[in-house]
Amino acid sequence: NEAPLIFNRIAVRMRFDLEGQRIVLSQGDVSNGTVGIAGTGVFDYSTSEPRLTAGLAGTPMSASDLKRIWPVVINPEVREWVLTRVDAGMLQRAEIAINAPTHTLARGGPPIPEEGLSINFVASNVKLRPVDGLPPVYDAGMRVRITGRTANVSIAQAAMDTDAGRKISLNDFVFEIPDLAPKPMQTRTRFRVDAPIPAVAEILSSDRWNEFSGVPIDPNTSKGNVAAQVTLAMPLKQELTKKDTSYTVTADLSNFSADKLVMNQKFEGNNLKVVANNQGYQIRGEVRINGQSAALDYRKPMGDGDGDIR
């Protein structure tokens, strides 16, 4: 619903090579005094497979500007991900190189060759929603690398706030599509979380994640900190179900305590190891239950099955 981006400064030099059956763009500069794009290129139609070779570079611009000028024909699925997931930010550098048959650039066409496309974006102060069911990520420095067959989004450090205002630190975030050809595309996401346990407990109590959380933890009565490595795998499509998501979590809990967690008793552990995935979860470490010390090795399969204490 944003106003269209209007370019009022346009300089184009183009040559039609009828003998060589080529259209040569020797200069292409468009801008509006704030946002600008410059590029050169050649459209070669001398063979049965016309080919486009082009290079484009953009000035710094907002995420809103980028979304409005990203051509629909250039990697439409990844473009759609950016349009729907990125809410704000400032693009510092944008470089696009194309060297591919034109029929591979159309949506639904054959795959673009690996070397047929190269897109590099560097952005700062990005706000985005990379994973359904998680709060928006903000203050992110983001790098995007797209080739003809792969896509990679990396964020070194960012933050998120829960609905109750609890802070979560996100580090080493990577979103990747190993192969852009299959439909729907399969994605992999991995990141590290450092946060107070009440913040994580609040996330796990949401409708999107409560099925995976195992033992319910009250964010209002729990204490401690968690450092976790999270890996997710899911298809790139609009409507995701819980069955679409595959996950693995490895977490270290320090100075953990929660009221009425085990047999309605207070549960404490200075150093606990938690491993969870779609099949279930395991908790190991030295604990205190209502003040009594114990060595815990608890394993619980996903679903209604009973847990096993060893």
Side-chain angles (χ1 to χ4, degrees), residues 2-83 86 90-123 142-153 176-185 236:
E2 296 182 84
L5 195 62
I6 298 175
F7 293 101
N8 52 15
R9 301 179 184 180
I10 302 174
V12 176
R13 292 181 182 178
M14 187 176 294
R15 177 169 59 88
F16 294 88
D17 180 1
L18 299 180
E19 183 177 350
Q21 294 185 303
R22 302 190 311 161
I23 300 174
V24 180
L25 176 67
S26 58
Q27 178 190 2
D29 295 315
V30 295
S31 72
N32 60 8
T34 303
V35 176
I37 303 169
T40 59
V42 176
F43 174 59
D44 186 338
Y45 57 96
S46 62
T47 67
S48 59
E49 287 192 351
R51 174 175 291 269
L52 176 64
T53 303
L56 303 170
T59 62
M61 66 185 74
S62 69
S64 173
D65 292 337
L66 171 65
K67 291 192 285 186
R68 284 182 285 175
I69 66 174
W70 187 330
V72 175
V73 298
I74 298 180
N75 214 311
E77 289 86 1
V78 177
R79 172 184 177 271
E80 186 172 322
W81 188 90
V82 172
L83 262 61
V86 177
M90 190 66 190
L91 187 67
Q92 306 297 328
R93 188 175 82 238
E95 299 169 346
I96 300 175
I98 304 170
N99 185 4
T102 54
H103 68 284
T104 66
L105 300 174
R107 188 165 195 167
I112 303 173
E114 170 68 16
E115 68 282 359
L117 178 66
S118 176
I119 300 176
N120 287 283
F121 294 153
V122 177
M142 186 170 73
R143 292 179 176 270
V144 178
R145 165 71 174 158
I146 302 170
T147 67
R149 296 298 296 271
T150 67
N152 181 286
V153 178
E176 59 184 347
I177 304 175
D179 190 348
L180 294 168
K183 302 295 185 288
M185 300 172 185
L236 185 65

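Just so it is clear, the model here is predicted, and its values are computed rather than measured.
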Response to the item:
So the salt bridge (Lys or Arg N to Asp or Glu O under 4.0 Å) pairs with at least one residue in residues 21-34 (sequence neighbours excluded) are Asp17-Arg22

Discussion item. Quick check: closest heavy atoms across Pro60 and Gln92, and the distance to 0.1 Å?
Written reply: CG-O, 3.9 Å

Item to complete: Would you please test Leu236 and Ile177 for side chain to side chain contact (heavy atoms under 4.5 Å, CB included) and show each step?
Response: CA-CA 9 Å; Leu236 185 65; Ile177 304 175; 3.9 Å; yes

Worksheet item: Do the charged groups of Arg93 and Glu95 touch, with an N to O distance under 4.0 Å?
Response: yes

Worksheet item: Can you tell if the side chain of His103 reaches within under 4.5 Å of the side chain of Pro110, non-hydrogen atoms only?
Response: yes

Discussion item. Atom CZ of residue position Arg143 - does it have more than 12 heavy atoms of other residues, nucleotides or ligands inside 6.0 Å?
Written reply: no

Discussion item. Which residue in the set Asn8, Ile6, Ile10, Asp65 passes side-chain contact (heavy atoms from CB on, under 4.5 Å) when paired with Asn32?
Written reply: Asn8

Worksheet entry | pair Thr102-Phe43: side-chain heavy atoms closer than 4.5 Å | yes

Worksheet entry | Side-chain touch Pro113/Thr104, heavy atoms, less than 4.5 angstrom | yes

Discussion item. Testing the basics here: between Ser46 and Gln21, what is the closest heavy-atom pair and its distance to 0.1 Å?
Written reply: CA-OE1, 3.2 Å

Discussion item. To the closest 0.5 Å, what do you measure between CD (Gln27) and CG (Leu25)?
Written reply: 8.5 Å

Practice prompt. Take Glu114 and Thr150 through the side chain to side chain contact (heavy atoms under 4.5 Å, CB included) test and state the conclusion after the steps.
Written response: CA-CA 8 Å; Glu114 170 68 16; Thr150 67; 4.1 Å; yes

Worksheet entry | Lys67 side chain vs Arg79 backbone, donor-acceptor pair below 3.5 Å | no

Item to complete: Identify the heavy atoms of Asp44 and Gly20 that sit nearest to each other, and give their distance.
Response: OD1-O, 4.5 Å

Discussion item. As a quick check of understanding, evaluate side chain to side chain contact (heavy atoms under 4.5 Å, CB included) for Met142 and Val153, giving each step before the final call.
Written reply: CA-CA 7 Å; Met142 186 170 73; Val153 178; 3.6 Å; yes

Worksheet, complete the sentence: Taken in chain and number order and not counting sequence neighbours, the residues that satisfy ring-ring contact (aromatic ring centres under 6.0 Å, His included) with Phe7 are none

Fill in: Audit row: Phe121, Ile146, side chain to side chain contact (heavy atoms under 4.5 Å, CB included) steps and yes/no
CA-CA 9 Å; Phe121 294 153; Ile146 302 170; 5.5 Å; no

Worksheet item: With a 4.5 Å heavy-atom cut-off, do Ile37 and Val30 have their side chains touching?
Response: yes

Discussion item. I'd like to know if the side chain of Ser118 pairs up with that of Arg145 as donor and acceptor (distance under 3.5 Å, no hydrogens or angles considered).
Written reply: yes

Practice prompt. Give me the one residue out of Val24, Leu52, Ile23, Asn99 that meets side-chain contact (heavy atoms from CB on, under 4.5 Å) with Val42.
Written response: Val24

